[in-house]
Amino acid sequence: MTYDFRKIEEKWQEFWAENQTFKAENDSQKEKFYVLDMFPYPSGAGLHVGHPLGYIASDIYARYKRHKGFNVLHPMGYDSFGLPAEQYAIQTGQHPAITTETNINRYREQLDKIGFSFDWSREVRTSDSSYYKWTQWIFIQLFNSWYNKDADKAEDISSLIAIFEKEGNQSVNAVCDEDVAAFSATDWKAFTVKEQQEVLLQYRLTYLAETEVNWCPALGTVLANDEIVNGVSERGGHPVIRKKMTQWSMRISAYAQRLLDDLTMVDWPQPLKDSQTNWIGRSEGAEVTFRVKGREEVIDVFTTRPDTIFGVSFMTLAPEHELVAKITTSEQKEEVEAYIAATAKRSERDRMADVKTITGAFTGAYAEHPFSKEPIPIWIGDYVLAGYGTGAVMSVPCGDQRDYDFAKHFNIPITNIFEGVDISEEAFADKEKTVIANSDFLNGLPYKKAVKRVIFELEKLEQGKGKINYRLRDAVFSRQRYWGEPFPVYYVDGMPQMISAEHLPIVLPEVEKYLPTETGEPPLGNATVWAWDVKKSAVVSNQLIDHKTVFPLELNTMPGWAGSSYYFNRYMNPNNENEIFSKEAIDYWQDVDLYIGGSEHATGHLLYSRFWQKFLFDKGIVPKPEFAKKLINQGMITGTSAFVYFVVARFAKDKQFYIAVSKSAWGRVDEVIKNWRNTHPVNEKAFRYSVLNRIHSPVEYVNSSDELDIESFRNDPMYSEFKDAIFIGEKGEVIKDNNDTYIVGREVEKMSKSKYNVVSPDSICQEYGADSLRLYEMFLGPLEQSKPWNTAGITGVHSFLKKMWRLFHGGNDGAFMVTDAAPTADNLKTLHKTIKKVEEDIENFSFNTSVATFMICVNELAAQKCNSREILEPLVLLVSPYAPHIAEELWSKLGHATSIATAPFPKFEGKYLVESSKEYPISFNGKVRFKIELQADLSKEEIEAAVMAHDKTREQLQGRSPKKVIVVPGKIVNIVG
RNA sequence: GCUCGAGUGGUGGAAUUGGUAGACACGUUGGACUUAAAAUCCAAUGGACAUUAGUCCGUGCGGGUUCAAGUCCCGCCUCGAGUACCA
């Protein structure tokens, strides 16, 4: 019987689906294990072989854990709201829900063919109203919460209101907007309802505020910081400008410190942790208040070097700073305004690209030094960012290179306040070596002591305090898009009101057009039934809006990360209509044990998810402050492109054709063409040719030896212009389509349609089977590393499966032939060494090496002609997580009526590996010269004696007596001298 | 610029605490079987020298520690990822 993988794989995929083999139970006596993949956005292009890499790894782990007796939760779903479906809708009018559905079905078909052990009964789709009902619900919870810094957690807004009623807001230690006005309990009670709501918005964890946002005109929406890469939108690469807009924001900054601290709790890759740490950007320092000479206004600055305060020789404000207009003197007004106009014109991108050019303008105003009371000129400069700190800096040229360059450029005097340091060439920024001089009460102090002292003095003056600053900004949560979660929000007198949870979900309305309205409102502005009736508690026609019982609904939708920030929790109890998940479910499953996904989500999804998890934790909704214990970033699989090298030959008029020159001759085109002309005379004197760029050939036309299937290439309609091309080899000989070979050039590139190097998992499954695909993806190399795909190599793992199949099917007729014969010592040794290695490898996520181990095992057992059930049955179990279809088939042939999925993993027994002898490498001065076989239980002395007595040792030493003999029992012997 | 990661045969990659570098596989070459092909099997395969025995060189480069270094230390180079004037 031959290994008919197509039949076997189809059979078992059906079996698993019918029997719901991988359905996880929420009430189980077994220990839980939660293995999660980052769910995909179902794009129209479908999956290529790079996508399932992480899914295969997690599936192996999930299956392994089932064999180890765990109740495994291994779900899959779709992050199905998003831009591409909406862009497609704008172009074609096709409803995004339809496109999304089509794409999901295609994804599902592809995933099913690979034989994953997903519990599909738990599938979620973020664009389903039964799912986004809970996204809306969490939004409401955030709205109804504030961050109490004393308790260091989120609390219900009612506790804040209680404080306001009792004592106003002065003693409240909350994370809130910067500019909250002080009020007393009496004030609070005197406020109108609207005024009270305005105040509360400044404290809520999600709030509506006019903020400066990243507006992308091309996409017609705002973007979060992590959606902008190099100053342009991550999707599409469109320019982004700063714009003030009223938007929903998430007060993630409240959690900055905990997001930082709790990184120590999780086993995540260090680079990922580092990039979150950098993104949060904590810096310790002080806030210092400078009075402006002759004016009421003050300038607050944040500095990490308050110890250098006596080195301040000027102040710099961001051009956008609100004080600029107020303090600029009439003499300087023209220059300052011109400068502001010039910087406003420069895009964010220009500003970033051009760091070298120093620009700025003097405002004419002076600040007053808090200690020396000396006047300090106030400048503006675009190297100071409005969005960081207070948008103003105290410039200390002797201690900061940017300040130094600025001072030099504008001839501002530089004071040296460091002991024994030369600053004539550059600033001195080494904190460790700092000793302060020239600084009144700070003289002689090192950095740390000086900082402490100056903060103490500033507090005395009430002109400063120690402060910790974070780069992390609150996250803008509104998007001017159609295909996203609608907010459960309506407006009364301009103030946002939450729709109560029992009326959720608020379902996305139908619209005629997916573009912004003529008045510039988001696409939901096109909806005709999009108003909230508070009496009926229902969405009704806009025409009924009377601002008494019927109010307008929010027109923005939520961003892509809303639905993905808690889906891992929803999987625990995904079909629960009454709760986000049941208490029993969350108590049992707790958190994700293993999360596998791409590293591109480091500062987006993974930061927002941690934020929401902490919020839900504060509210007692989830039991863990971190949602995923261990996380692995799988590497990218790149494509191996194939190139054909062409020249265009012309002779006579209008007569031209293509000549493909083989890769190895590409450097000597002239010579090769000349050779070709010698053997194939072209009469026309006008013959000439020019070099054409290399052309991507579809990778399916190239075999494992890099030979092009010229006929297929010619007949591809894509390449009709090369239909009659002449292919020539290294020496200029003409390559005949059937006999000779044309060798293509190869290069590793990103897998993409435009490079014709995309390989789909479907075609691999069709030709080699899912088990081969799974094994090969793992065999390519370490999971975390990026590596090129080359279909040619798959024959290795495929023939391994065939070899394994043959272990079970002997004789000439290939009948199933497993015997109950007792295994030999060699059989047992091979098996147990394999068990040991495979188990270690899976625990270490080293899947590539266990595939190699399987190959060695099968090669050895084949050489030993092993047919013993006692050996082959455990082998099937070992292979099962990797190649589940063939494993199920062999398992059932071995006489088992139930699936292999939960059969216990073979137990390693060291006794079979005990060796009676050991082959010792004998090295002289570190170089191995020969090997000798010795008994394994010899002592150091006995080994040394045996080695020294050996003929070959004497031969090597040639009469010399060794200085030293090093014996490492069980390892090596080294003779020195 | 800063932070992190990585450099090993023609290729993908192996190599517990420093202890036989190149496992396993692809590719290549030769052979068996076959009318032929496919499939399968066998052998060789880091480089140089050598008839053999064997010798020398070899894990990006240069130093160092050690009986012993792909692995540890110091200094560089190259590539990749992230970040972008963060006061």
Side-chain angles (χ1 to χ4, degrees), chain A residues 2 229-231 269-275 277-279 281-283 285 301-305 308 316 351-356 358 381-385 387-396 399-403 405-406 429 469-472 599-600 602-603 633 635-636 640 703-706 746 748 775-776 779-782 784-797 799-800 802-803 806 837 840 844 846 848-856 859 919-931 962-968 970-977:
Chain A
T2 54
V229 178
N230 292 331
Q270 197 55 43
L272 197 159
K273 287 186 180 185
D274 288 343
S275 90
T277 304
N278 292 339
W279 193 261
R282 180 187 202 269
S283 49
V301 302
F302 173 75
T303 175
T304 54
R305 298 295 304 271
T308 62
T316 316
R351 242 168 104 164
M352 283 194 298
D354 182 21
V355 176
K356 289 274 168 332
I358 296 161
D382 70 359
Y383 80 97
V384 177
L385 305 175
Y388 181 76
T390 58
V393 301
M394 58 176 226
S395 302
V396 184
D400 182 288
Q401 195 57 43
R402 288 156 308 170
D403 296 344
D405 295 341
F406 195 88
N469 206 38
Y470 300 92
R471 198 184 80 122
L472 182 70
S599 56
E600 67 273 21
T603 51
N633 288 133
M636 200 174 58
T640 311
N703 73 5
S704 54
S705 306
D706 295 349
R746 306 225 76 158
V748 171
L775 282 170
Y776 189 52
F779 189 62
L780 280 179
E784 299 92 328
Q785 243 171 58
S786 114
K787 55 236 157 187
W789 177 271
N790 192 345
T791 304
I794 201 170
T795 52
V797 294
S799 57
F800 154 73
K802 285 195 273 194
K803 266 189 225 169
R806 278 202 304 277
K837 177 83 173 119
E840 281 168 4
N844 293 321
S846 174
N848 54 326
T849 49
S850 40
V851 178
T853 306
F854 292 140
M855 290 173 171
I856 295 168
N859 288 346
E919 190 184 47
Y920 275 91
I922 312 301
S923 55
F924 291 79
N925 297 320
K927 282 176 186 158
V928 176
R929 293 301 176 192
F930 58 89
K931 291 158 195 174
K963 284 196 199 108
K964 207 175 181 184
V965 177
I966 286 146
V967 178
V968 184
K971 284 264 160 75
I972 200 167
V973 176
N974 191 14
I975 298 164
V976 186

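Below, each value reflects all heavy atoms present in this structure, side chains not excepted, and no hydrogens, waters or symmetry copies. Lettering follows sequence order; numbering is per chain, from 1.
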**Asked** With a 4.0 Å cut-off on heavy atoms, is A:D274 in touch with a base, just the backbone sugar-phosphate, or nothing at all?
**Response** sugar-phosphate
**Request:** State which of B:G82, B:C41, B:C85 makes the closest approach to the side chain of A:R806.
**Result:** B:C41
**Complete:** Side-chain contact check for A:R471: nearest option of B:U83, B:G19, B:A87 is B:U83
**Asked** Heavy atoms under 4.0 Å, any strand shown: does A:K803 hit a base, just sugar-phosphate, or nothing?
**Response** sugar-phosphate
**Item:** Length of the NZ-P vector between A:K927 and B:C56, whole Å
**Value:** 5 Å
**Message:** So A:V976, base contact, sugar-phosphate only, or nothing? Heavy-atom distance under 4.0 Å.
**Reply:** sugar-phosphate
**Message:** Looking only at the side chain of A:T303 (C-beta and beyond, no hydrogens), which of the listed nucleotides B:C4, B:U20, B:A87 gets closest?
**Reply:** B:A87
**Message:** As a test of the definition: with a 90° window around 0 for syn, would you call B:G63 syn or anti?
**Reply:** anti
**Request:** Please state the P separation for the pair B:U11 and B:U28 - nearest whole angstrom.
**Result:** 15 Å
**Message:** Heavy atoms only, 4.0 Å cut-off, all strands: where does A:K963 land among base, sugar-phosphate and nothing?
**Reply:** nothing
**Request:** In whole angstrom, give me the gap between the P atoms of B:U29 and B:A38.
**Result:** 13 Å
**Message:** From C-beta outward on A:P921, which listed nucleotide comes closest to its side chain: B:U20, B:C56, B:C86?
**Reply:** B:U20
**Asked** What string of B, S and - do you get for nucleotides 7-14 of chain B, 5' to 3', if B is base contact, S is sugar-phosphate-only contact and - is no contact with any protein heavy atom under 4.0 Å?
**Response** -----BSS
**Request:** Answer with base, sugar-phosphate or nothing: what part of the nucleic acid does A:T277 contact at a heavy-atom distance below 4.0 Å?
**Result:** nothing
**Request:** Would you mind classifying the nucleic acid contact of A:R282 as base, sugar-phosphate or nothing, using non-hydrogen atoms under 4.0 angstrom?
**Result:** nothing
**Prompt:** What nucleotide, of B:C85, B:G19, B:G27, holds the atom closest to the side chain of A:Y383?
**Reply:** B:C85
**Request:** Using a 4.0 Å heavy-atom cut-off across all strands, classify A:N859 as base, sugar-phosphate, or nothing.
**Result:** sugar-phosphate
**Request:** Taking atom P in both B:C41 and B:A48, compute the distance separating them and give it to the nearest angstrom.
**Result:** 30 Å
**Message:** Please determine whether any donor N or O and acceptor N or O are separated by less than 3.5 Å between the side chain of A:K971 and the base of B:U17.
**Reply:** yes
**Prompt:** Between B:U83, B:A39, B:A23, which nucleotide gets closest to the side-chain atoms of A:W279?
**Reply:** B:U83
**Asked** So what does A:S799 hit on the nucleic acid, given a heavy-atom distance under 4.0 Å: a base, only sugar-phosphate, or nothing?
**Response** sugar-phosphate
**Prompt:** With rounding to whole Å, what would you report as the distance between B:U71 and B:U59 at their C1' atoms?
**Reply:** 10 Å
**Request:** Round to the nearest Å and state the distance from A:L385 atom CG to B:U83 atom C1'.
**Result:** 14 Å
**Prompt:** Using atom C1' of each nucleotide, how far apart are B:A68 and B:C61 to the nearest Å?
**Reply:** 23 Å
**Message:** Taking the minimum atom-to-atom distance to the side chain of A:V928, which one of B:A87, B:C24, B:U20 wins?
**Reply:** B:U20
**Prompt:** Where the side chain of A:I856 is defined as all heavy atoms beyond and including C-beta, which of B:A23, B:C26, B:U20 is the nearest nucleotide?
**Reply:** B:A23
